[in-house]
Amino acid sequence: AVAAVVLLAGAAATAFFLAAFLRADGAGRKARVFLANVQTAAPRGTAARIKSLTEEILRARRLAPYDARLAYQASRLSALRVRYEDSPGDAARVKSERFKNAVAAARLAPSYTFYAMTAVTMGAKGLGVLEGWEMSAFAYKRALAELFFQAGRDDDGLSEMREAVALEVPTSALAPERAMKAVEDLLSRFGTYERIASAAPDSFGGHMLFGKSLAGAGLGSAAGEEFVDAAALAGDAGRADGFDQLAASQLAERLVSCGKRDEAGKFYATALRRRPRWQALRLSYAGFLAHSGLSDSARAEIDTLLSADVPKWLSDRALALRESLGRK
């Protein structure tokens with residue numbers, strides 16, 4: 001008897017969840033069809049249809065609160081509904097719902113899913129779904145940050161931008177242009193380095209990228225702070241954080257150009273201790289030591305380089321530097 005009751009209860013629960021699923025799926029399907037066919041110059045009765053579909057979607061969301069597709073549909077319908085609201089108060093409320101549902105879709109779904117990404121894009125840039133928008137985590141996070149900025153939630157927006165930049169760092173030690181543009185946009189929005197500094201990922205690559213962006217914007221002092229922070233983190237940095245020989249050479253040069261010679265010297269020593277086979281960086285270090293008046297130390301680095309198996313162009317430059325030291 002107990003087993004029969006358990007089976008009946010299980011069957012009832014299954015039926016309930018199946019009915020909820022079918023109802024939610026049906027609501028989402030109707031919304032998708034409507035949104036796919038609605039035109040900019042909507043036919044008569046569109047406002048009432050939008051309101052009806054929105055209410056149906058919201059009821060479906062209560063049945064399936066973890067369905068990102070429904071949150072996406074609710075967000076798009078709310079955005080469309082704003083155009084038909086005569087009351088400023090109602091329009092503001094609907095905009096808030098649009099934001100809330102767009103963020104819910106983004107939070108519930110993986111960043112690469114189309115409906116979550118188009119939801120945040122729609123919230124950030126208007127009604128249209130950008131079919132050709134690149135589906136990358138960086139673009140997703142950046143669009144979500146824009147949503148927060150528009151809602152007046154600047155700290156949340158800066159946090160999302162920090163994640164966006166961090167996701168972009170491993171792709172190239174040369175600072176990807178779109179990430180640098182994102183930093184420039186932050187500077188334009190907030191005006192000061194101090195206000196956007198929290199958006200810099202606390203990593204070698206994150207500080208490198210911010211430093212280059214700030215230097216390009218003419219903020220040499222702020223860029224120097226970022227480069228010093230990057231140098232301080234080099235001891236634990238790896239390839240996934242953008243730490244390679246080219247990035248190391250660039251950072252050393254940046255530190256010197258910013259007048260941070262002491263930090264540059266410490267960074268060279270740290271980098272070569274971790275990566276003793278980076279002979280091109282060693283040659284750069286030898287040149288740095290030579291210009292600092294430390295000829296004996298420069299010769300020692302050159303001898304170490306020449307004792308290794310290095311390309312001819314590198315050994316030729318090392319020999320030329322050693323000869324120049326001999327003539328002084």
Side-chain angles (χ1 to χ4, degrees), residues 162 165-166 168-176 179-180 183-184 186-187 192-305 314 317-318 321-322 324-325 328:
R162 178 186 176 102
V165 174
E168 191 76 344
V169 164
T171 62
S172 171
L174 297 177
M180 292 182 68
V183 176
E184 293 169 7
L186 284 178
L187 192 58
T192 66
Y193 163 64
E194 289 74 16
R195 189 69 184 90
I196 70 169
S198 63
D202 195 20
S203 64
F204 173 85
H207 289 298
M208 277 289 287
L209 191 148
F210 253 68
K212 290 180 179 183
S213 301
L214 294 168
L219 300 182
S221 177
E225 291 183 38
E226 291 293 325
F227 291 135
V228 169
D229 287 341
L233 294 167
D236 296 321
R239 181 171 292 277
D241 193 29
F243 185 71
D244 60 17
Q245 187 166 197
L246 179 57
S249 297
Q250 288 183 346
L251 178 54
E253 293 169 4
R254 295 277 190 168
L255 288 168
V256 172
S257 66
C258 290
K260 310 284 187 181
R261 296 191 66 85
D262 289 344
E263 290 84 350
K266 292 176 183 177
F267 170 69
Y268 271 124
T270 297
L272 287 170
R273 186 165 56 250
R274 290 196 59 209
R275 297 288 191 272
R277 295 183 180 180
W278 284 2
Q279 303 301 346
L281 184 65
R282 189 178 302 281
L283 178 60
S284 176
Y285 184 33
F288 169 82
L289 292 169
H291 283 97
S292 300
L294 302 173
S295 298
D296 290 343
S297 297
R299 289 190 188 92
E301 294 297 334
I302 293 171
D303 289 343
T304 300
L305 185 158
L314 190 54
R317 291 185 184 182
L321 178 58
R322 188 167 66 180
S324 71
L325 291 172
K328 292 183 180 178

For a side-chain contact (heavy atoms from CB on, under 4.5 Å) check, start with the C-alpha distance between M180 and K212, then their side-chain angles and the critical distance, and finish with the verdict.
CA-CA 8 Å; M180 292 182 68; K212 290 180 179 183; 3.9 Å; yes
Given K260 and V228, is the side-chain contact (heavy atoms from CB on, under 4.5 Å) satisfied, shown in steps?
CA-CA 8 Å; K260 310 284 187 181; V228 169; 4.0 Å; yes
Between V256 and R261, does a side-chain contact (heavy atoms from CB on, under 4.5 Å) hold up when you go through it step by step?
CA-CA 5 Å; V256 172; R261 296 191 66 85; 3.5 Å; yes
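The shortest side-chain heavy-atom distance between L209 and E226 does not fall under the 4.5 Å cut-off.
Atom CE of residue M208 and atom OG of residue S213 lie 10.5 Å apart, to the nearest 0.5 angstrom. A distance of 6.0 Å separates CG of L321 from CG of L283, quoted to the nearest 0.5 Å. Put simply, CG on L186 and OH on Y193 are 12.5 Å apart, with the number rounded to the nearest 0.5 Å. Between the CG atom in L289 and the CD1 atom in I302 there is a gap of 9.0 Å [rounded to 0.5 Å]. Between the CG atom of L281 and the CG atom of L272 there is a distance of 4.5 Å, given to the nearest 0.5 Å. Rounding to the nearest 0.5 angstrom, the gap separating the CG atom in D236 from the OG1 atom in T270 is 10.5 Å.
Nearest heavy-atom pair, G220 versus C258, reported as atom, atom and distance to 0.1 Å: O-SG, 4.4 Å. In terms of heavy atoms, A290 sits closest to A298 at N-CB, 3.9 Å. The minimum heavy-atom distance between A264 and A252, with the atom names listed, is CB-O, 4.2 Å. When every heavy atom of R254 is checked against every heavy atom of S257, the shortest pair comes out as O-OG, 2.8 Å.
Between the side chain of S284 and the backbone N or O of A280, no donor-acceptor pair lies under 3.5 Å. A donor-acceptor pair under 3.5 Å is absent between the side-chain atoms of E263 and the main chain of A231, judged by distance alone. In this structure, the side chain of R299 engages the main chain of L325 through a donor-acceptor pair within 3.5 Å. Panel note: side chain R162, backbone A200; a donor-acceptor pair is recorded below 3.5 Å.
Sorted by first then second residue, the ring-ring contact (aromatic ring centres under 6.0 Å, His included) pairs that include residues 204-229, not counting sequence neighbours, are F204-F243. Residue pairs meeting the salt bridge (charged side-chain N to carboxylate O under 4.0 Å, His left out) criterion with at least one partner in residues 281-293, sequence neighbours excluded, are R282-E301.
Y285 meets the ring-ring contact (aromatic ring centres under 6.0 Å, His included) test with Y268; sequence neighbours excluded.
When the shell of 6.0 Å around CZ of R274 is examined, it contains more than 12 heavy atoms from other residues, nucleotides or ligands. In R277, the CZ atom is not crowded: 12 or fewer heavy atoms of neighbouring residues, nucleotides or ligands sit closer than 6.0 Å.
A salt bridge links R322 with D303; the closest basic N to acidic carboxylate O contact falls under 4.0 Å.
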